[in-house]
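Structure first, then comments.
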Amino acid sequence: PFVVTENCIKCKYTDCVEVCPVDCFHEGPNFLVIDPDECIDCTLCEPECPINAIYPEDDVPAGQEQFVALNAELSRQWPVITVRKEPLADAKDWEGKPDKLPLLEK
Ligand code: SF4
Ligand code: F3S
């Protein structure tokens, strides 16, 4: 499956959700995750993210391996999102910032 990684935190652009043919994105307060049991590896979402937060499970950036388990865990708790919405208000300020994981709201 594909995995949403750290750069999405506090940005949440949501361009990714509209292309998913199996509706496997789930939304939390400041992050999105992909349900690994539903993702069919179609690859469509990966280029949609304007800040490159989506990777195949086997290719997540070094140091972000914990996001594989986080996507699985949080997708069981958060509701599905299928319609794009406005990014978080200060998304631009948070793009590409390192070490956003402690800021993840669950
Ligand atoms: Fe959905 Fe395809 Fe992305 Fe998987 S790879 S989350 S099925 S758009
Ligand atoms: Fe996050 Fe990128 Fe989607 S910022 S909400 S993974 S478009």
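Whatever order the structure lists them in is the order used to number ligands and atoms, beginning at 1. Given the structure is predicted, the values throughout are model-derived calculations rather than measurements. Atom set for the values below is all heavy atoms of this structure, side chains included, hydrogens, waters and symmetry mates excluded. Throughout, residue positions are numbered sequentially from 1 according to the sequence presented.
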Inset, instruction - Determine, using heavy atoms of Glu48 and all atoms of ligand 2, whether some pair is separated by less than 4.0 Å. - result: no

Inset, instruction - May I ask you to identify the nearest protein heavy atom to atom 2 (Fe) of ligand 1, giving residue, atom name and distance to one decimal place in Å? - result: Cys42 SG, 2.2 Å

Inset, instruction - Return the residue, atom name and 0.1 Å-rounded distance of the protein heavy atom closest to atom 5 (S) of ligand 1. - result: Thr43 N, 3.3 Å

Legend entry - Part of Ile54 with heavy atoms under 4.0 Å of ligand 1, whether side chain, backbone, both or neither: neither

Inset, instruction - May I ask you to decide if Leu103's main-chain N or O and Asn30's side chain share a donor-acceptor pair within less than 3.5 Å? - result: yes

Inset, instruction - Give the atoms of ligand 1, by number and element, whose distance to some non-hydrogen atom of Phe2 is under 4.0 Å. - result: 5 (S)

Legend entry - Tyr13 and Glu95 side chains, donor-acceptor separation under 3.5 Å: yes

Legend entry - N/O/S from Cys39 sitting under 2.8 Å away from atom 4 (Fe) of ligand 1: yes

Inset, instruction - Taking only heavy atoms of Cys49 into account, list the atoms of ligand 2 that are under 4.0 Å away from them. - result: 2 (Fe), 4 (S), 6 (S), 7 (S)

Legend entry - Structural part of Ile34 in contact with ligand 1, heavy atom criterion under 4.0 angstrom: side chain

Inset, instruction - Under 4.0 Å from a heavy atom of Thr14: give me the atoms of ligand 2 that qualify, with their elements. - result: 3 (Fe), 5 (S), 7 (S)

Legend entry - Side-chain donor or acceptor of Asn71 paired with backbone N/O of Val33 under 3.5 Å: no

Legend entry - Closest protein heavy atom to atom 4 (S) of ligand 2, given as residue, atom name and distance to 0.1 Å: Tyr13 N, 3.4 Å

Inset, instruction - Examine Cys16 and say whether one of its N/O/S atoms is closer to atom 3 (Fe) of ligand 2 than 2.8 Å. - result: yes

Legend entry - Under 3.5 Å: donor-acceptor pair, side chain of Lys10, backbone of Ala91: no

Inset, instruction - Specify side chain, backbone, both or neither for Cys24, according to which of its non-hydrogen atoms lie closer than 4.0 Å to ligand 1. - result: side chain

Inset, instruction - Name the closest protein heavy atom to atom 1 (Fe) of ligand 1, giving the residue it belongs to and the distance to 0.1 Å. - result: Cys20 SG, 2.4 Å

Inset, instruction - Please identify which atoms of ligand 1 are closer than 4.0 Å to at least one heavy atom of Cys45. - result: 3 (Fe), 5 (S), 6 (S), 8 (S)

Legend entry - Under-4.0 Å heavy-atom contact with ligand 2, by part of Ile51 that carries it: side chain

Inset, instruction - Tell me which protein heavy atom sits closest to atom 7 (S) of ligand 1, plus the residue, atom name and distance to 0.1 Å. - result: Ile40 N, 3.4 Å

